[in-house]
Amino acid sequence: MKWTAFVNLASGLLLSGSHAATASPLLLEARSTVLAHRAETTAVNATGGTYEAFRPGYLAGTWEVFKRGEYVDLAGTGYVRVRWEVEYWKGVGPMYEPTFDGVEGTFLLVAGGGGYQISDAPQGCPMGTGCVNFTGANEYGYSYPWDGYDPWHNMYYYLDGKVTITNHEAGGLYNVGVMAYSYNDIMTDINTAPGTSGNLIKYGYSYDPAEGSCPCSA
């Protein structure tokens, strides 16, 4: 469904439904969906940029890319988490997602997690009331990805080389918090069972080596 239609038609729906009980990912049986474990040989670090450093109260991340034009240069061999926050309470409109430029070596999208994608119906609004999804609320209106992009709360990437991540917000405001991450921590996230609170709406998703819903095995 197109985003505009989704917002217009679904704005009056009441949120309801039940969710599976929380379970430890350590108890999950191996499934057909896997997440490839690539080399983690050199710590991923920032080598430059105009990012902000993390402070208490900020979106979780080491390198905060909050405003249009802000960027972080990364180098290393390992995994990276890019955490999304649609800041609709400060500005709504079309959303232009971050770019990943200047790639030297290998840079891959490998998984999505954090319990939800921005098109999902929240179990609790981040801000305001009557949220149909994570891009707006009754008091503020809604943002929408200009190209239908539907990121997970946590987007995971694998880097073996260099990449530059740049914020391109305009109209629909958002924040991304970037940090180095481990394979084991990604597996814990994407295998976390849905719950009835905390916006843990669904299991994560693997894109490496092929697309598939979790629970995932190594």
Check your understanding: Looking only at atom types and distance, does a side-chain atom of R83 sit under 3.5 Å from a main-chain N or O of N154, one as donor and one as acceptor?
Key -> no

Review point. Does atom CH2 of W89 have more than 12 heavy-atom neighbours from other groups under 6.0 Å away?
Key: yes

Review point. Could you state the interatomic distance from CD1 (I165) to OG1 (T99), rounded to the nearest 0.5 Å?
Key: 9.0 Å

**Study point:** From Y207, Y158, Y156, residue fulfilling side chain to side chain contact (heavy atoms under 4.5 Å, CB included) relative to L109
**Key:** Y207

Exercise for review: Please answer: with hydrophobic residues joined when any side-chain heavy atoms are less than 4.5 Å apart, are Y51 and Y58 in the same cluster?
Suggested key: no

Point to revise | Whether S206 side chain and V34 backbone form a donor-acceptor pair below 3.5 Å | key: yes

Check your understanding: Out of curiosity, L74 CG to T164 OG1, how far, rounded to the nearest 0.5 Å?
Key -> 7.5 Å

Practice item. Treating Ile, Leu, Val, Met, Phe, Trp and Tyr as nodes and any side-chain heavy-atom pair under 4.5 angstrom as an edge, say whether W84 and I201 lie in one connected cluster. Key: yes

Check your understanding: Checking side-chain contact (heavy atoms from CB on, under 4.5 Å) for the pair F54/T62: CA distance, chi angles, key distance, verdict?
Key -> CA-CA 5 Å; F54 174 80; T62 305; 5.9 Å; no

**Study point:** Check: Y174 main-chain N/O paired with E169 side-chain donor or acceptor under 3.5 Å
**Key:** yes

Review point. When clusters are formed by joining ILVMFWY residues with side-chain heavy atoms under 4.5 Å apart, either directly or through shared neighbours, do V82 and W152 land in the same one?
Key: yes

Review point. Quick one: do D120 and K202 make a salt bridge, cutoff under 4.0 Å?
Key: yes

Point to revise | Pairwise side-chain contact, I118 with P145, heavy-atom cut-off 4.5 Å (strictly under) | key: yes

Check your understanding: Does L108 belong to the same Ile/Leu/Val/Met/Phe/Trp/Tyr cluster as M187, with side-chain heavy atoms less than 4.5 Å apart forming each link?
Key -> yes

Check your understanding: Looking just at side-chain N and O atoms, do E139 and T129 make a donor-acceptor pair shorter than 3.5 Å?
Key -> yes

Check your understanding: Do F107 and K162 come close enough that some side-chain heavy atom pair is under 4.5 Å?
Key -> no

Review point. Nearest 0.5 Å, what's the SG-CD distance between C131 and Q123?
Key: 12.5 Å

Point to revise | Side chain proximity check, F134 to P126, heavy atoms < 4.5 angstrom | key: yes

Check your understanding: Could you state the interatomic distance from OG1 (T166) to CG (D101), rounded to the nearest 0.5 Å?
Key -> 5.5 Å

Check your understanding: Does any N or O in the side chain of D150 come within less than 3.5 Å of the main-chain N or O of S119, such that one atom is a donor and the other an acceptor?
Key -> yes

Review point. Taking atom SG of C214 and atom CD1 of I190, what is their separation to the nearest 0.5 Å?
Key: 3.5 Å

Exercise for review: Would you check if there is a donor-acceptor pair between the side chains of E211 and Y205 at a distance under 3.5 Å?
Suggested key: yes

Review point. Does a side-chain heavy-atom distance below 4.5 Å link S143 with L173?
Key: no

**Study point:** Sub-4.5 Å side-chain heavy-atom contact between P122 and Y116
**Key:** no

Practice item. Name the orientation class of the two ring planes belonging to Y183 and Y79 (parallel below 30°, tilted from 30 to 60°, perpendicular beyond 60°). Key: tilted

Check your understanding: Do NZ/NE/NH1/NH2 and the carboxylate oxygens of D185 and R81 come within less than 4.0 Å?
Key -> no

Exercise for review: Could you point out which residue of V163, V65, V80, V176 forms a side chain to side chain contact (heavy atoms under 4.5 Å, CB included) with V72?
Suggested key: V65

Review point. For the side chain of T50 and the backbone of Y71, is there at least one donor-acceptor N/O pair under 3.5 Å apart?
Key: yes

Review point. Can you find a pair of side-chain heavy atoms, one from F100 and one from Y157, that are under 4.5 Å apart?
Key: yes

Check your understanding: Under 3.5 Å, is there a donor-acceptor pair between the side chain of D189 and the main chain of G114?
Key -> yes

Check your understanding: Can you find a heavy atom in the side chain of H153 that is under 4.5 Å from one in the side chain of N199?
Key -> no

Point to revise | Residues N133, T135; criterion side-chain hydrogen bond (donor to acceptor under 3.5 Å, both in side chains); working and verdict | key: CA-CA 6 Å; N133 54 47; T135 72; 2.6 Å; yes

Check your understanding: Y149 and W146: same hydrophobic cluster, using ILVMFWY side-chain contacts below 4.5 Å?
Key -> no

Point to revise | Side-chain touch K67/N167, heavy atoms, less than 4.5 angstrom | key: no

Review point. With ring centroids as reference points, do Y142 and Y88 lie under 6.0 angstrom apart?
Key: no

Practice item. Enter the distance from E87:CD to M95:CE here, rounded to the nearest 0.5 Å. Key: 11.0 Å

